[in-house]
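What follows is a short report on a single structure.
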Amino acid sequence: MLIFVFCIVCQEHLPTFISIRLHHGGIFSKGRSRKYLNGTVTYVDLIDSDLLSCHELVCIAQKLGYPDEQKRFFHFVRPDSDLQFGLQALGNDTDIRVLLEYVPECKLFDVYMEHWETRLDTYLKSPMSCKVRIEQLPDEETPTPKKKRKRKLYLEWHEETPASEDVEHSGKDVEHVENVEVTENVENVEVTENVETPAHVEIPESIMNEFDPFFGINFDDDFDQHGRGMDDQPGRGMDDQVRGMNDEADRGMDEQPGRGMDDQARGMEDEVDDGMDYEVDDGTEVEPGMEDEVDGKENEVDSGMVDEGNIIQDAVDVDVDMSNFNWTFVDGDIDGPVNLENFESASDSEETLESLRRKKLRKVRRQKQKEQPTSVNFFVGQSFGSKAEVKRLVKLHAVETRRNIVILRNDKIRFRAVCKGKLPVFTTGTDSDKGKEVTSEETCLWVLHVSPVKKEETWMVKTYTDTHKCLQTRSVNACTASFLADHIVQTIAPNPEIPIRAVKEQLERKYAVSVSRVKSFRAKSMALNKLRGDYAQQYGLLRRYLLKVKRTNPDTTVKIDVEATIDPSSPTRQFKRVYICLGPLKQGFKACQRDLLGLDGCFMKGPYPGQILTAVGVDPNHGTYPLAYAVVEAETKSSWAWFLECLGDDLGLQRNSNFTFISDRQKGIVPAITQVFPSAEHRYCLRHIEENMKPRFKGKAFKEHLWKCAAASTVPMFNKAMDELKAFNGSFHGWLRQIPPKHWSKAYFTGRCHCDIVLNNICEVFNAQLVNGRDKPIITALEYIRQYLMKKIVNVQKVIATHHGPLTPAATKMLDKIKAEAVDYDIIWNGGIEYEVSGPWQDQVIVNVQNKTCSCRHWELTGMPCKHAVATIWYMAMNGEGAGLPESWAHECYWLSTWKKVYDFKLSPINGPKVWPENDSPTTLTPPKHHIQVGRPKKKRLRTTDDASQSVVKGSKISKVGTSVTCAKCHNKGHNSRTCKGI
């Protein structure tokens, strides 16, 4: 907990400082899931990002005990990714700059170190082929004053030699390159001492004593009883006042006034860095009494760079909810969270009149803030960050007090608001000349004047009179639709379908003002736009959103189609279509081992109508498994062909692929499948065939004959069912013959997809889940679909965890029903691989156990052993042929292990729009073409006959809702005999 408190202090008051979680001593694993094995984790805190370089990383490795001759390769993980896909090299300054781009968002980085060689061929290697060696030579000149210690340094450049050559370097091989004078920084220039340090905030000593992140490290050699360095001088800034906290970064430096963190890990004259060949000149003049302290730092480890107390073996990660932390002061003068106004300057110089004035203003503000009883109150001396904040609070104050406050001046140098409310009229007398009553002309006293502070980005209240003489009113001019929208967002968010009347009543009850129904409607619309985003604006952000989805979910396919334009140099492109196939769903569908997809479309609502095309598969538990979805302009042959071509590219389908599709015969889908996949098997949904039949052929008998023909699994059984239908009704037989039976009867289905469904309800179920997202803007609608799919995978995983057995729950239930029917069959073996199975109702078939087929074709169509096959398996087990259980004869697509494998592919969450990457496209997307439809836009789909018949039963009787009445007198429809007029 102390480390997290310390990180909060650094993040707020030291924004350029970062921490590194260094993983070292291990190796990367091979395979798809990358891991860092047998490694150790060390936390390195208080690193100034402005000074970070590859040289600093090498120094850290040396402090950890790794030899100089060892080759090292550094990598870091992007904060918005993981170890598998977000690993990047740290081999040069360009790589360091890539890491520093994430500093505003992240303060803790994971850095991985490889030793001797790297297993990551795709990343750059750290350029450590040469080193700089710095040595101190004796000073022959007159010693310089204490305040400016000039040292003569000689630089020695060593080229790394091969391991086979045994070369030893001694002090005699030093090449004198340049005689350089330096003060504190190891540079080729002379640097003065008086460097202005940035102003920081003073942290109370009581906090630093209680929350000591470097507990166990001895600082007694560097600090006196007052907590200051030996060379601390009056007037120093934050760098020296919190030296007890950040001394880990520049431990051992000669602390001079004005010094900051610039010399971190550079190994200056008061420290001997074991990882660098830097020697202190013994002849350098040192203050009396400091010899022991200088000598004591010879073997001191740079504790600011390596926190030995935080070394964790095997890299155990712990999740911490930072929202539970609330760092509060312990000092008696401060209560509550950190308030920057409570910090005083650390300077000991004489206070000016300006500083005294600011102190008094801060005291007034603290006192007034404690006395304010309501949400919005002004007082003289109150400060604001911008004029917009003042304007917002004035409007809120006007609504809460029910006064008509008018803004008189609103420019760059002032903001003035007065109250223009109605005052009570009192008669003061009568004009004797004109005989008219004379009234007093008074105005309300409330006034507010705010102006900016010179040389500051601060607006301060200079004049304020809080007395109102006017009457309150229920018609407040500041109570606009935009104002109300800002204050009902939290009410609309959990309940977007709240009625306008409820919104109106809630606003009037809260503010005690009159709100019209139109204003309530506009306020709700604005609030929804704030929550969901603007319809037209989201098309401009669509490319950034899709780029983020593609990066967070590997192997994702995203395609955008735009309208053709006459001018290729136009900076805008009009949106037409978008296709999305998420990578984890693609892998999961392939694991299902069922080459079947249901195709369907549903309409979008809103100002830019369109169609959502979906492709849904069947999982091992006979559940829906969505694969891809697209938003197109309409259901046409062109849009369906484009959607199918995108599906074929993702699944690797060729033009002659024997894939299976099932659809409702939507507009354009039949010719599109014939064009793109002419060899594919295309099934028609039998329920929609039944709906098309009902206008001409009504009754349950027609439905039963239709389903009997569709359920026939062999051609002879189908022909027999069709003959019975022809004998029942010849016209219906002729109507049904017009639909090729290969599209709707099981007798003509192939067994490639191991599924014999004749209904497209898999798409209907998926489309029903998208109802609440189809009236939203484009990005919000796509996010609604993605979030639903992410939650669906989690829910199915919970169900999988509760089941045990060889088969899925649905497959087990189906096989149990087959077993109950298999007990009535007799088996005769031919001595080979075929068995004759006979049972009641003249049911006699042949089962081939080697090919896993039965002459009834149920085993071939579904992949599940039929009742004849189950009886044969039992017979083989009784005769000791080692047949095993019937469950082992089911196809692999029904196994529980396959079901688990399908849902092991999870969708990755994405961040909000603020961190979406910028796209490189030179054009901007604009909304699609919009054609205003005739009449009121429809929100509900057309109800079928079955939907209308669900509510006709009331109690124990059947109502006549939906029926047409026939008059008994005139035999006309629409009225009965009691209301007949005899016309």
Side-chain angles (χ1 to χ4, degrees), residues 589-590 592-601 613-620 622 624-628 637 640-641 643-690 692 706-707 709-719 721-722 736-764 851-854 856-864 866 891-894:
F589 175 78
K590 294 179 181 179
C592 288
Q593 303 186 27
R594 279 181 169 174
D595 295 338
L596 172 70
L597 278 177
L599 305 176
D600 196 8
L613 307 184
T614 56
V616 185
V618 182
D619 68 2
H622 287 180
T624 62
Y625 193 84
L627 172 62
K637 177 184 176 182
W640 274 115
F643 182 69
L644 291 172
E645 289 173 356
C646 295
L647 276 178
D649 295 340
D650 283 333
L651 300 179
L653 302 180
Q654 304 298 327
R655 180 176 174 83
N656 58 347
S657 297
N658 297 322
F659 205 80
T660 303
F661 297 99
I662 182 171
S663 68
D664 301 341
R665 294 189 296 175
Q666 295 94 337
K667 299 177 181 179
I669 193 172
V670 175
I673 293 180
T674 305
Q675 174 185 338
V676 181
F677 302 111
S679 301
E681 178 182 340
H682 186 192
R683 301 180 185 178
Y684 297 163
C685 179
L686 193 64
R687 182 175 178 273
H688 287 77
I689 295 178
E690 179 186 341
N692 297 333
L706 175 64
W707 281 90
C709 295
S713 58
T714 61
V715 176
M717 294 174 60
F718 172 77
N719 293 332
M722 290 295 290
L736 191 59
R737 271 294 184 183
Q738 296 178 1
I739 307 175
K742 67 176 183 179
H743 296 300
W744 57 274
S745 178
K746 295 181 181 180
Y748 295 91
F749 290 171
T750 62
R752 292 189 296 265
C753 63
H754 310 296
C755 186
D756 63 344
I757 61 173
V758 294
L759 298 177
N760 195 23
N761 58 343
I762 54 176
C763 290
E764 298 290 345
N851 298 330
K852 293 184 179 181
T853 59
C854 179
C856 72
R857 296 190 72 246
H858 282 291
W859 197 358
E860 178 183 353
L861 289 174
T862 62
M864 179 70 69
C866 61
H891 191 269
E892 191 175 349
C893 66
Y894 293 102

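The figures here come from the full heavy-atom set of this structure, side chains too, leaving out hydrogens, waters and symmetry mates.
Relative orientation of the Y684 and H743 rings is parallel, given thresholds of 30° and 60° on the angle between their planes. Between F661 and F659, the angle of the ring planes lies from 30° to 60°, which puts this pair in the tilted group.
In this structure the side chain of R665 reaches within 4.5 angstrom of the side chain of I689, judged on heavy atoms. In this structure, the side chains of H891 and W859 stay at 4.5 Å or more apart for every pair of heavy atoms. Inter-residue side-chain proximity for C893 and C592 is flagged as unmet; no heavy-atom pair is nearer than 4.5 Å. Contact of the L686 side chain with the L706 side chain is registered, since non-hydrogen atoms from C-beta on lie closer than 4.5 Å.
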Run the side-chain contact (heavy atoms from CB on, under 4.5 Å) test on E892 and Q593 for me, step by step, so that the C-alpha distance in whole Å, both residues' side-chain angles and the decisive distance to 0.1 Å come before the verdict. CA-CA 8 Å; E892 191 175 349; Q593 303 186 27; 3.5 Å; yes

Does the ring pair (Phe, Tyr, Trp, His ring centres under 6.0 Å) test come out yes or no for F718 and W744, once each step is laid out? CA-CA 11 Å; F718 172 77; W744 57 274; 5.8 Å; yes

List the steps and the verdict of side-chain contact (heavy atoms from CB on, under 4.5 Å) for V616 and L627. CA-CA 6 Å; V616 185; L627 172 62; over 6 Å; no

Apply the test side-chain contact (heavy atoms from CB on, under 4.5 Å) to residues E690 and C685: give CA-CA distance (whole Å), side-chain angles for both, the deciding distance (0.1 Å), then the verdict. CA-CA 9 Å; E690 179 186 341; C685 179; over 6 Å; no

For a side-chain contact (heavy atoms from CB on, under 4.5 Å) check, start with the C-alpha distance between W640 and L613, then their side-chain angles and the critical distance, and finish with the verdict. CA-CA 8 Å; W640 274 115; L613 307 184; 3.6 Å; yes

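Considering all non-hydrogen atoms of both residues, A712 and S745 come closest at O-OG, 3.9 Å. Across all non-hydrogen atoms, the minimal contact from Y748 to K742 is CB-CA, 3.6 Å. Nearest heavy atom pair, residue C856 against residue T714, reads O-CG2, 3.9 Å. Between F643 and T614, the shortest heavy-atom distance links the atoms CZ-C, 4.0 Å. Taking all atoms of both residues into account, the shortest heavy-atom contact from A615 to L597 is C-CD2, 4.2 Å. L861 and S713 get closest at one heavy-atom pair: CD1-CB, 4.3 Å.
Expressed to the nearest 0.5 Å, how far CD of E645 lies from CG of L653 amounts to 12.0 Å. For the atom pair SG (C755) and CD1 (I662), the distance works out to 8.0 Å, reported to the nearest 0.5 Å. Note that the CG atom of L599 and the OG atom of S663 stand 6.0 Å from one another [nearest 0.5 Å].
For residues 651-660, the set of pairs meeting the side chain to side chain donor-acceptor pair (under 3.5 Å) definition, not counting sequence neighbours, is empty. Residue pairs meeting the side chain to side chain donor-acceptor pair (under 3.5 Å) criterion with at least one partner in residues 755-764, sequence neighbours excluded, are D664-N760, K746-D756. Applying the salt bridge (charged side-chain N to carboxylate O under 4.0 Å, His left out) test to every pair with at least one member in residues 666-678, sequence neighbours left out, gives no pairs at all.
Considering only residues two or more places apart in sequence or on other chains, T862 meets the side chain to side chain donor-acceptor pair (under 3.5 Å) condition with none of them. With sequence neighbours left out, the side chain to side chain donor-acceptor pair (under 3.5 Å) criterion links D619 to Y903. Residues satisfying the side chain to side chain contact (heavy atoms under 4.5 Å, CB included) test with N851, not counting sequence neighbours, are N848, T853. Scored by the salt bridge (charged side-chain N to carboxylate O under 4.0 Å, His left out) test, R594 finds no partners at all (sequence neighbours excluded). Residues forming a side chain to side chain contact (heavy atoms under 4.5 Å, CB included) with P671 (at least two apart in sequence, or on another chain): K637. Among residues two or more places apart in sequence or in another chain, the side chain to side chain donor-acceptor pair (under 3.5 Å) test is passed with H858 by none. Partners of Q666 by side chain to side chain donor-acceptor pair (under 3.5 Å), not counting sequence neighbours, listed by chain and number: D600. R752 meets the salt bridge (charged side-chain N to carboxylate O under 4.0 Å, His left out) test with E681; sequence neighbours excluded.
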Side-chain donor-acceptor contacts of residues 672-680 below 3.5 Å, not counting sequence neighbours, with atom names and distances?
from : atom 1 : to   : atom 2 : distance (Å)
T674 : OG1    : V670 : O      : 2.9

